[in-house]
Amino acid sequence: MPLSRRTLLTTLPASALLAVAAPLRARAAARPTTTGVADPGANPGADPGANHAALLANTVAIFAGTAESNARPETAAKLAALTSTARTRLAALDGAGPGELFKGLPLGTSDANLNTSYQYLYEIALATRAPGPAPSDLRDNVDVRRRVIDALARLHDTYYGDQSKGYYGNWFNWEIGISASVSKTLVLLEEELAAYRPGLTATYLASMDAYLRNGKDGDVDLDSRFHTGANLADITTNRILQGAVTGDDARVVKAVADQLTVYATVDPYNPRHGVTDGFYADGSFIQHDSVAYTGSYGKVLLTRAVQTVKILDGTDYINTADLVAVVRGWVADGFAPLVFEGWMMEIVKGRGVSRTATGYTDVAVVVEAVVDLSGHTTGPDATALKGYVKFVRQTSKAALDPVVFVSPVSVARYADILADTSVPAADLGDAASHTAFNAMDRTVHRRPGYAFALARSSNRISKYEYMSGENLMPWFQGDGAHHLYLTGQDQTLAFGIDYYTTVSPYRLPGVTAPVETRRTIPELYGTAWYDNPERGFTSSSESQNTYVYFPRGTNTLSGGARLGTYGAVGLVLGDDAAYAAKQAGELPDDFVAYRNAAATKSWFMFDDEIVVLAAGVGDPAGRAVTTTLDSRIAAASDTVTVTGRLRDGSDWPGADGGGGTAPGPVDWLRYADAGQGVSVGYVFLDGGGDRGGVPRPTVALDTVTRSRRVVRTSNPDTPVTKRVFSLSVDQPAGARRLSTAHALVPNATERQLAAYERYGRYGRGPLTVLANTTRVQAVEHRGLSILTANTFTPGTHHAGRLTVDGAASVLVRTSRDGTVSLAVSDPTTERGTVSLTLRGRWLRAVATDDGVRVRRVLGGTRIDVDTHQAHGHSLTARLR
């Protein structure tokens with residue numbers, strides 16, 4: 001039975017969790033702060049003392065390990081790393097100078113240094129609690145523990161306890177970061193604190209509550225824009241630990257209830273507490289209200305959720321099976337499509353793309369969460385999760401060192417999974433798949449051999465994220481920029497920090513950009529943000545978020561349809577919110593905003609090809625414009641070649657590895673990097689637009705050296721040298737608008753590309769561009785019997801046998817038995833109904849999703865699709 005639209009927007013496990021929250025809140029209100037004495041009237045049978053003991057034991061086990069886990073030979077390296085880190089921190093403690101607790105971390109004006117100092121104290125305390133077979137002078141060392149406690153007291157007395165002097169810099173450090181380190185340290189040293197400084201714990205709790213300035217009365221405020229998503233999970237986990245260590249059951253119960261709201265699937269048409277942060281029905285994850293963020297904040301939330309399952313294990317607060325069911329869905333639908341051969345895709349990392357940590361490191365975090373999650377499931381669910389752990393290890397091009405795991409227990413479980421011969425390695429999804437993350441303007445198309453990841457933006461989703469001197473040149477990252485990952489390749493050599501360092505921000509693949517020089521935020525304003533308190537611009541104000549950190553687009557059309565493993569996506573480029581506001585006179589005179597170029601674009605994703613159409617490409621301001629079809633990097637020593645064929649039958653003149661502009665129309669080009677054993681083909685199609693023709697592309701192959709600091713102020717000043725390949729279509733200033741049409745062919749051979757050339761000349765090729773204008777873009781793939789179209793404007797649009805009313809994204813596939821399958825979505829998310837007509841003999845409905853109506857009309861079949869509140873989701877029908 002087809003799912004209803006409301007079912008698509010709300011998952012039952014999440015609803016069940018929310019149902020638990022109400023009685024938990026009542027329980028918290030009925031039970032005042034206790035010291036472990038049960039209140040039978042609040043919850044008959046509950047034993048707060050036993051609950052708190054379980055919480056504390058579980059927490060110590062997570063971070064320090066258990067006697068059983070730490071006796072395993074596989075955890076020896078992890079324990080050695082814990083001990084080594086603690087010794088390094090103790091040496092820094094011994095070497096501290098005036099105004100420092102740890103050497104090299106001056107205090108008093110740096111919230112980051114204060115946060116790090118608390119983290120270092122936690123790391124020392126952790127080493128004193130980790131059991132293990134090897135002798136250690138740190139384990140159970142009372143003197144070391146008391147040094148940590150004395151340091152906690154000193155930090156509080158001098159740098160933290162006076163709230164009138166604190167709360168400078170980043171709010172996150174004061175409300176979350178410091179509290180996380182302190183709360184875990186209080187748990188680890190609970191007994192020693194009670195014996196040595198019994199009042200220090202309560203003193204810290206009062207201060208941590210006082211620093212929740214974005215909360216309410218020293219507690220969580222579910223209506224605060226700061227207490228959402230991963231941030232809320234962090235805050236509430238801290239408060240669970242605080243309640244356990246002080247015997248405050250009301251604090252624990254309310255924190256659990258507050259955290260449960262994070263696990264509810266976001267309904268964008270009925271957001272709870274106005275919050276749009278979290279996971280959506282299509283697997284999207286959003287943080288900061290509009291940033292596609294699975295690969296950064298999303299993995300933080302995943303980690304915290306699984307830790308919550310482990311912390312609450314054996315207590316009576318909630319049935320953790322409900323929580324496990326929700327998080328298991330996140331992994332399968334939200335994370336797995338974004339992991340390619342052990343690498344986290346860049347399109348969901350926000351400002352994290354400018355950090356030096358790799359996509360392989362990101363996925364190690366996910367793997368640890370899956371390892372632990374598998375321990376709380378049974379049967380096929382456990383097998384699937386364990387199989388995924390094996391699959392990531394098997395396909396990753398970087399060895400995963402479990403020393404990076406947080407928990408020694410996880411290290412042991414990981415070893416058990418790898419040794420279990422009864423569990424086969426298997427992905428959580430099919431090798432051929434198409435995932436439309438329309439709720440966060442992202443698309444992932446996968447086939448054996450490659451993955452194509454596309455980043456879009458709209459008035460719903462941010463164009464990019466910049467913050468705190470990170471991701472300094474982000475301007476076009478959400479303007480249709482793509483990443484093409486090729487199988488078997490070490491992705492650190494293809495993408496990651498070195499990609500963003502050496503590839504021009506104006507020449508990201510898939511991007512149409514004006515030819516101009518933009519300046520970074522620090523260059524414009526001399527600080528990491530635009531500082532103008534009188535006009536509402538402070539470091540973390542709403543205005544800063546809206547216009548500086550993560551501005552949304554002004555365009556409404558961004559989205560696409562999915563039919564099985566195939567997809568279509570459309571995008572109309574728009575300016576960001578800052579430029580629109582500046583033009584409207586709503587921003588200060590000294591605030592700088594940039595205008596974008598114009599283009600209407602489509603991506604049609606098949607098996608061997610991704611067809612890309614662009615129309616109306618140009619600049620309203622008359623500037624020169626560059627449309628980059630692809631950019632790739634290679635090692636400076638790699639042999640990189642560009643070969644191809646012009647339409648007059650001659651070879652591409654740059655076959656020796658040189659670049660230049662094509663002397664005439666081009667049939668195809670092929671980029672090959674012999675050093676990495678990869679290749680990509682580019683087939684140039686007849687444009688099908690108002691002017692048709694094939695633009696003459698330009699190939700650039702340069703050796704580029706830049707410092708990693710150009711994309712992030714805190715990166716080391718490490719120079720990177722790469723061969724940078726760029727394929728573009730360039731328009732001079734004042735040029736008329738143009739249309740382009742090409743197909744990306746991953747892993748293409750010259751013979752394969754020559755076949756497109758031969759077919760194309762005689763009209764028998766698999767690909768035909770039916771339309772390529774700013775009103776409609778459509779392609780027919782004869783080999784797959786697929787007709788697909790994106791329409792962008794009101795009115796009636798025609799493409800082959802298809803007629804579409806208004807803006808829509810449509811795929812139609814005809815099988816050999818005459819069955820017609822189709823998928824329709826509303827890329828604006830604003831239409832109530834999308835209507836289309838298939839001309840030809842009448843087709844009756846075999847199966848339809850809820851809200852799809854089929855009827856016979858003169859000359860064909862009319863399909864009306866109720867897209868009201870579908871949020872870009874594809875609705876399907878099968879006809880015969």
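- Scanning both residues, Glu175 and Ser179, for their nearest heavy atoms gives O-OG, 3.9 Å.
- Using a 4.5 Å heavy-atom threshold, the side chains of Gln307 and Phe63 count as touching.
- The closest side-chain donor-acceptor pair between Arg145 and Thr128 falls under 3.5 angstrom.
- The environment of Asp217 atom CG is sparse: at most 12 non-hydrogen atoms of other residues, nucleotides or ligands sit within 6.0 angstrom.
- The aromatic rings of Tyr168 and Trp174 stand perpendicular to each other, their planes meeting at an angle above 60°, with 30° marking the opposite boundary.
- We find the CG-OG1 distance between Leu222 and Thr228 to be 10.5 Å, quoted to the nearest 0.5 Å.
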* Verify side chain to side chain contact (heavy atoms under 4.5 Å, CB included) between Leu114 and Asn173, making sure each step is shown before the conclusion. => CA-CA 9 Å; Leu114 183 60; Asn173 288 328; over 6 Å; no
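- Taking Tyr196 as the reference, nothing meets the ring pair (Phe, Tyr, Trp, His ring centres under 6.0 Å) condition, with sequence neighbours excluded.
- Heavy atoms from other residues, nucleotides or ligands lying under 6.0 Å from CD of Glu68 number 12 at most.
- With contacts defined as side-chain heavy-atom distances shorter than 4.5 Å, the pair Lys299/Thr294 does not qualify.
- The backbone N or O of Leu152 sits nowhere less than 3.5 Å from a side-chain atom of Tyr118 that would complete a donor-acceptor pair.
- Counting only heavy atoms from C-beta outward, the side chains of Met208 and Ser183 approach each other to under 4.5 Å.
- What you find for Ala180 and Asn238 is that their closest heavy atoms are CA-OD1, 3.3 Å.
- By the 4.5 Å heavy-atom criterion applied to side chains, Asp372 and Glu368 are counted as neighbours.
- Atom-to-atom distance recorded for Lys397:NZ and Thr358:OG1 is 14.5 Å, nearest 0.5 angstrom.
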* Step by step, would you call Thr185 with Leu189 a side chain to side chain contact (heavy atoms under 4.5 Å, CB included)? -> CA-CA 6 Å; Thr185 304; Leu189 303 185; 4.0 Å; yes
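- Taking the six-membered ring where the residue is Trp, the centroids of Trp330 and Phe285 are separated by 6.0 Å or more.
- Ser207 and His156 are linked by a side-chain donor-acceptor pair at a separation below 3.5 angstrom, with hydrogens and angles left out of the test.
- Arg393 CZ: 12 or fewer foreign heavy atoms inside a 6.0 Å radius.
- Remark: the backbone N or O of Ala382 is not paired with any side-chain donor or acceptor of Ser374 at under 3.5 angstrom.
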* Derivation of the side-chain hydrogen bond (donor to acceptor under 3.5 Å, both in side chains) call for Asn51 and Asp316 -> CA-CA 7 Å; Asn51 279 336; Asp316 72 343; 2.7 Å; yes
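- Within the 3.5 Å criterion, the main-chain N or O of Asp137 finds a donor-acceptor partner in the side chain of Asn141.
- Looking only at side-chain heavy atoms (C-beta outward), Val339 and Tyr388 come within less than 4.5 Å of each other.
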* To do: List the steps, then state whether salt bridge (Lys or Arg N to Asp or Glu O under 4.0 Å) holds for Asp150 with Arg197.
  => CA-CA 9 Å; Asp150 288 340; Arg197 285 182 179 257; 3.3 Å; yes
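- With a 4.5 Å cut-off on side-chain heavy atoms, Leu241 and Leu55 do not count as touching.
- Side chain of Ser181 to backbone of Ile178: no donor-acceptor contact under 3.5 angstrom is found.
- Between Asn715 and Ile497, the closest side-chain pair of non-hydrogen atoms falls below 4.5 Å.
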* To do: Any chance you could lay out the salt bridge (Lys or Arg N to Asp or Glu O under 4.0 Å) test for Arg213 and Asp221, step after step, and finish with the verdict?
  => CA-CA 10 Å; Arg213 297 187 182 181; Asp221 180 5; over 6 Å; no
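- A salt bridge links Asp219 with Arg239; the closest basic N to acidic carboxylate O contact falls under 4.0 Å.
- Atom CG of Leu205 sits about 7.0 Å away from atom CG of Leu186, to the nearest 0.5 Å.
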* Kindly determine whether Phe226 and Phe172 satisfy ring pair (Phe, Tyr, Trp, His ring centres under 6.0 Å), including the steps that lead there. => CA-CA 9 Å; Phe226 294 88; Phe172 181 94; over 10 Å; no
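- With no hydrogens or angles considered, no side-chain donor-acceptor pair links Tyr122 and Arg89 at under 3.5 Å.
- A donor-acceptor pair is defined here as one N or O able to donate and one able to accept, closer than 3.5 Å; no such pair exists between the side chain of Glu190 and the backbone of Ala194.
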* From CA spacing to verdict: side chain to side chain contact (heavy atoms under 4.5 Å, CB included), Phe279, Val262 -> CA-CA 9 Å; Phe279 280 92; Val262 177; over 6 Å; no
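- Here Lys310 contributes atom NZ and Thr59 contributes atom OG1; the two are 10.0 Å apart, rounded to the nearest 0.5 Å.
- For the side chain to side chain contact (heavy atoms under 4.5 Å, CB included) criterion with Leu90, the lone passing option out of Ile124, Val148, Thr85 is Ile124.
- Checked by atom type, the side-chain pair Asp111/Asn170 shows no donor-acceptor distance below 3.5 Å.
- A donor-acceptor pair under 3.5 Å is absent between the side-chain atoms of Gln287 and the main chain of Gly298, judged by distance alone.
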* To do: Take Asp401 and Lys78 through the test salt bridge (Lys or Arg N to Asp or Glu O under 4.0 Å) and record every step on the way to the result.
  => CA-CA 10 Å; Asp401 185 353; Lys78 175 64 181 179; over 6 Å; no
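- Residues forming a salt bridge (charged side-chain N to carboxylate O under 4.0 Å, His left out) with Glu341 (at least two apart in sequence, or on another chain): none.
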* Please assess Leu107 against Ser117 for the test side chain to side chain contact (heavy atoms under 4.5 Å, CB included), listing each intermediate value before the final yes or no. => CA-CA 9 Å; Leu107 300 171; Ser117 296; 3.7 Å; yes
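- Without hydrogens or angle criteria, Arg147 side chain to Leu93 main chain gives no donor-acceptor distance under 3.5 Å.
- A side-chain donor-acceptor contact under 3.5 Å links Tyr317 and Asp249.
- Between the side chain of Thr237 and the backbone N or O of Ala233 there is at least one donor-acceptor pair closer than 3.5 Å.
- Formation of a donor-acceptor pair under 3.5 Å by the Thr261 side chain with backbone atoms of Asp258 is found in this model.
- Salt-bridge annotation for Lys390 and Asp427: absent, with no side-chain N of the basic residue lying under 4.0 Å from a carboxylate O of the acidic one.
- The two atoms that bring Ser396 and Tyr360 nearest to each other are OG-CD2, 3.6 Å, heavy atoms only.
- Under the 4.5 Å side-chain criterion, counting only non-hydrogen atoms from C-beta, Phe335 is in contact with Met344.
- Using the six-membered ring where Trp is involved, Tyr211 and Tyr167 have ring planes that are parallel, under 30° apart on the 30 and 60° scheme.
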* I would like to know whether Asp248 and Gln242 meet side-chain hydrogen bond (donor to acceptor under 3.5 Å, both in side chains); could you show each step before the answer? => CA-CA 8 Å; Asp248 184 350; Gln242 294 160 14; over 6 Å; no
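- From Thr246, atom OG1 reaches atom NE2 of His52 across 7.5 Å, with rounding to the nearest 0.5 Å.
- Atom CZ of Arg129 sits about 14.0 Å away from atom CG of Leu138, to the nearest 0.5 Å.
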